[in-house]
Amino acid sequence: MDKMLQTLEAGLPQLGLNLDENRNQTLCAFGHAMVKQNEVMNLTGITDDKGVANLHLLDSLTVAKTVDMSGKRLIDVGCGAGFPGVPVKIACPECNVTLLDSLGKRMT
């Protein structure tokens, strides 16, 4: 099993979150895509699977733990590599998420 997925699935219950397999897979696909893009663009210093799951994906999802995001609007100012906005949107598709960053190259 993918180390990122394994770490994510182990951490979700600690946050009190239960996401379906499709959302878990999508979160990890985003994590892997970010690591791949990091090879050509400096997005993060955290690129190991366990670190991405813990320090990017699960940390981002603490927002969904503390606030019911259904039907809410969220603006992620200075989103950089897409954290926490993209994981929140994947976990809570009913949330309207806007990503904002000063560097246009990150937004394409």
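Under the 4.5 Å side-chain criterion, counting only non-hydrogen atoms from C-beta, Asp59 is not in contact with Asn54. Within the 4.5 Å cutoff, the side chain of Val86 has no heavy atoms near those of the Met34 side chain. Looking only at side-chain heavy atoms (C-beta outward), Ile90 and Gln25 stay at 4.5 Å or farther from each other. Here the side chains of Leu8 and Leu19 are not in contact, with every heavy-atom distance at 4.5 Å or above. Residues Asn24 and Asn22 fail the side-chain proximity criterion, which asks for heavy atoms closer than 4.5 Å. For the pair Gln37 and Val40, the minimum side-chain heavy-atom distance is below 4.5 Å. A 4.5 Å side-chain heavy-atom check between Asp49 and His32 finds at least one atom pair inside the cut-off.
Applying the ring pair (Phe, Tyr, Trp, His ring centres under 6.0 Å) test to Phe83 and every residue at least two apart in sequence or in another chain returns Phe30, His56. In this structure, the side chain to side chain contact (heavy atoms under 4.5 Å, CB included) partners of Asp76, at least two apart in sequence or on a different chain, are Cys79, Pro84, Leu99. Partners of Thr47 according to the side-chain hydrogen bond (donor to acceptor under 3.5 Å, both in side chains) rule, which considers only residues two or more places apart in sequence or in another chain, do not exist here.
Of all the heavy atoms in Met4 and Ala53, the pair that sits closest is O-CB, 3.5 Å. Annotation for Leu12 and Leu61: closest pair CD2-CD1, 3.8 Å, computed over non-hydrogen atoms. Between Leu43 and Ala81 the shortest heavy-atom distance is CB-CB, 3.9 Å. Counting all heavy atoms, side chain and backbone alike, Ser70 lies closest to Glu94 at OG-OE1, 3.6 Å.
Under a cut-off of 6.0 angstrom, the local environment of NZ in Lys72 is crowded, with over 12 non-hydrogen atoms contributed by other residues, nucleotides or ligands. Within a 6.0 Å radius of CG in Asn18, no more than 12 heavy atoms belonging to other residues, nucleotides or ligands are found. Summarising the local packing, CD of Gln14 is surrounded by 12 or fewer heavy atoms from other residues, nucleotides or ligands at distances under 6.0 Å.
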Next on the checklist: Would Leu74 and Lys89 count as a side-chain contact (heavy atoms from CB on, under 4.5 Å) here? Give the steps.
Outcome noted: CA-CA 9 Å; Leu74 171 75; Lys89 180 64 176 179; over 6 Å; no
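Between the side chain of Thr62 and the main chain of Leu58, no donor-acceptor pair closer than 3.5 Å is present. Although no hydrogens or angles enter the test, the distance criterion places no donor-acceptor pair under 3.5 Å between the side chain of Lys50 and the main chain of Lys3. With hydrogens and angles disregarded, a donor-acceptor distance shorter than 3.5 Å links the side chain of Arg23 to the backbone of Ala91.
One finds the OG atom of Ser60 at 10.5 Å from the CG atom of Leu15 (value rounded to the nearest 0.5 Å). Interatomic distance, CE of Met69 versus SG of Cys95, reported as 3.5 Å (0.5 Å rounding).
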